[in-house]
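Residue numbers run from 1 in the order of the sequence given. This is a predicted model, so every value here is computed, not measured.
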Amino acid sequence: ILPLICVLAGHAMTRLASTMNEATNNDGGDDGDYNPPLKSLIRIKGIFTSPRLLLGVTILLNYPHLFYLGLIHQRGPIAVNRFLTSAIGENVLQANQNSNSGRPQDYSIHYLMDCHSAPLFSHLHIPNVRVNAWYLDCSPDCRSNPAIVCESDAFSSDPLGFTRSAYGVSHDGDCSEEDTIRDPPSFLVVMQDDAADVDNVLTGSLGMSRVASVRHTVKSLSWHRPAHHDVSSSSGHCQSNERCHDVVTLFSLVDIHFDHMDVFFKSRS
């Protein structure tokens, strides 16, 4: 639908531009006074208005949408990869200062989220680092075969069961070498709601720790309740050990609840 809307909007903007050109060409006198002819005005609910004014108002009305879509809506994928590159870069710098080896280091990143939830190697270029990224499979091969359950679908239906199976964690919390499918990664990214389900496996059985919670997008709206507090930092990264409940109050009337992407880290020591 969006391309069709763009075509219709473009057609209307072209008509506005043509009306303004016509008004400019018919400025109506040698004394320099501009008296726009009636046909150069647009009638809206019985009121004649200038096309320039209407065009300006239309452009200004697009700025709130531009601000929301560019800075707030689903900003998490880019923000979380920026956090990862920064964290890995700091770890590499510290390791090189301690060892003075300068050799390339390997880091692994697992994204336990729906397919195409985050960009991969295009946003993970880090000097002197080899990044191995894994994301849940939702390829056409798996989608076209009804006998195969895609990894993304399996995780969505049972986050805890999939995580235990993927990392070879038994129900009693122990890891079995022969059953382990994947080694725990250096960093793991998961949506906040799913993190609540798999937190015990990641922090207990796999020995990982939650290091950040990156603001992703608007989750819901509600009437303001004074008990809510925004515990995130100004950068959108919650650094506390407690899980973030990120709420921004608008005009003391509406609470905007944000969803987050949680980042887990496994120390090499």
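- Across every non-hydrogen atom of His257 and Ser222, the tightest pair is NE2-OG, 2.7 Å.
- Smallest separation of non-hydrogen atoms from Pro185 and Lys266: O-CB, 3.5 Å.
- In this structure, a donor-acceptor pair under 3.5 Å is absent between the side chains of Asp114 and Ser152.
- In this structure, the side chain of Thr85 engages the main chain of Arg82 through a donor-acceptor pair within 3.5 Å.
- At least one side-chain heavy atom of Leu120 sits less than 4.5 Å from a side-chain heavy atom of Tyr135.
- Side-chain heavy atoms closer than 4.5 Å link hydrophobic residues (I, L, V, M, F, W, Y) into clusters, and following such links, even through other members, never connects Leu8 to Leu61.
- The salt bridge (charged side-chain N to carboxylate O under 4.0 Å, His left out) check on Arg143 picks up Asp153, with sequence neighbours excluded.
- Atom CE of Met113 and atom CG of Leu136 lie 8.5 Å apart (nearest 0.5 Å).
- You'll find the side chain of Met261 reaches within 4.5 Å of the side chain of Met191, heavy atoms only.
- Nearest heavy atoms, Gln74 versus Pro77: O-CD, 3.4 Å.
- In this structure a side-chain-to-backbone donor-acceptor pair under 3.5 Å is missing from Asp158 to Ala154.
- Put simply, the side chain of Phe265 reaches to within 4.5 Å of the side chain of Asn91, judged on heavy atoms.
- Heavy-atom neighbours of Tyr68 OH from other residues, nucleotides or ligands within 6.0 Å: above the threshold of 12.
- In this structure, Leu221 CG and Leu253 CG are separated by 12.5 Å, a value rounded to the nearest 0.5 Å.
- Here Ile148 contributes atom CD1 and Asp141 contributes atom CG; the two are 8.0 Å apart, rounded to the nearest 0.5 Å.
- Between Pro159 and Thr163, the shortest heavy-atom contact is O-OG1, 2.7 Å.
- Of the possible polar contacts, none joining the Ser165 side chain to the Gly161 backbone as a donor-acceptor pair under 3.5 Å is found.
- Remark: Tyr63 OH is loosely packed, at most 12 non-hydrogen atoms of other residues, nucleotides or ligands lying under 6.0 Å away.
- More than 12 heavy atoms of other residues, nucleotides or ligands sit less than 6.0 Å from atom OH of Tyr107.
- For Thr217 (side chain) and His73 (main-chain N/O), no donor-acceptor pair under 3.5 Å exists by modelled atom type.
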Exercise. Could you go through the side-chain contact (heavy atoms from CB on, under 4.5 Å) check for His116 and Cys138 one step at a time?
Key: CA-CA 9 Å; His116 312 302; Cys138 62; 4.0 Å; yes
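- Aromatic ring pairs are classed by plane angle as parallel below 30°, tilted from 30° to 60° and perpendicular above 60°; the pair Phe162 and Phe155 is perpendicular.
- Only one option out of Leu188, Val211, Val190, Ile109 pairs with Val263 in a side chain to side chain contact (heavy atoms under 4.5 Å, CB included); it is Val211.
- Proximity of Thr203 to Met208: side-chain heavy atoms (C-beta onward) are nowhere separated by under 4.5 Å.
- Distance check, rounded to the nearest 0.5 Å: CG of Asn132 to OG of Ser108 gives 6.5 Å.
- Distance check: Gln192 CD to Phe258 CZ gives 12.5 Å after rounding to the nearest 0.5 Å.
- Under the 4.5 Å side-chain heavy-atom criterion for grouping Ile, Leu, Val, Met, Phe, Trp and Tyr, Leu71 is connected to Leu69 within one hydrophobic cluster.
- Residue Leu202 is tested with Leu206, Asn200, Asp199 for a side chain to side chain contact (heavy atoms under 4.5 Å, CB included); the sole match is Leu206.
- Closest heavy-atom contact between Asp262 and Ala195: OD2-CB, 3.4 Å.
- In this structure the side chain of Pro184 never reaches within 4.5 angstrom of the side chain of His110, judged on heavy atoms.
- Listed here is the closest heavy atom pair of Ile88 and Phe187: CG1-CE1, 3.5 Å.
- For Asn81, the side chain to side chain contact (heavy atoms under 4.5 Å, CB included) partners two or more places apart in sequence, or in a different chain, are Leu84, Tyr111, Pro119, His123, Leu124.
- Taken to the nearest 0.5 Å, the NE2 atom of His260 stands 10.5 Å off from the NE2 atom of His216.
- By the criterion of side-chain heavy atoms lying less than 4.5 angstrom apart, applied directly or through intervening Ile, Leu, Val, Met, Phe, Trp or Tyr residues, Phe67 is grouped together with Val254 in one hydrophobic cluster.
- Under a 3.5 Å cut-off, the side chain of Thr14 and the backbone N or O of Gly10 do form a donor-acceptor pair.
- One N or O on the side chain of Glu151 and one on the backbone of Asp137 form a donor-acceptor pair closer than 3.5 Å.
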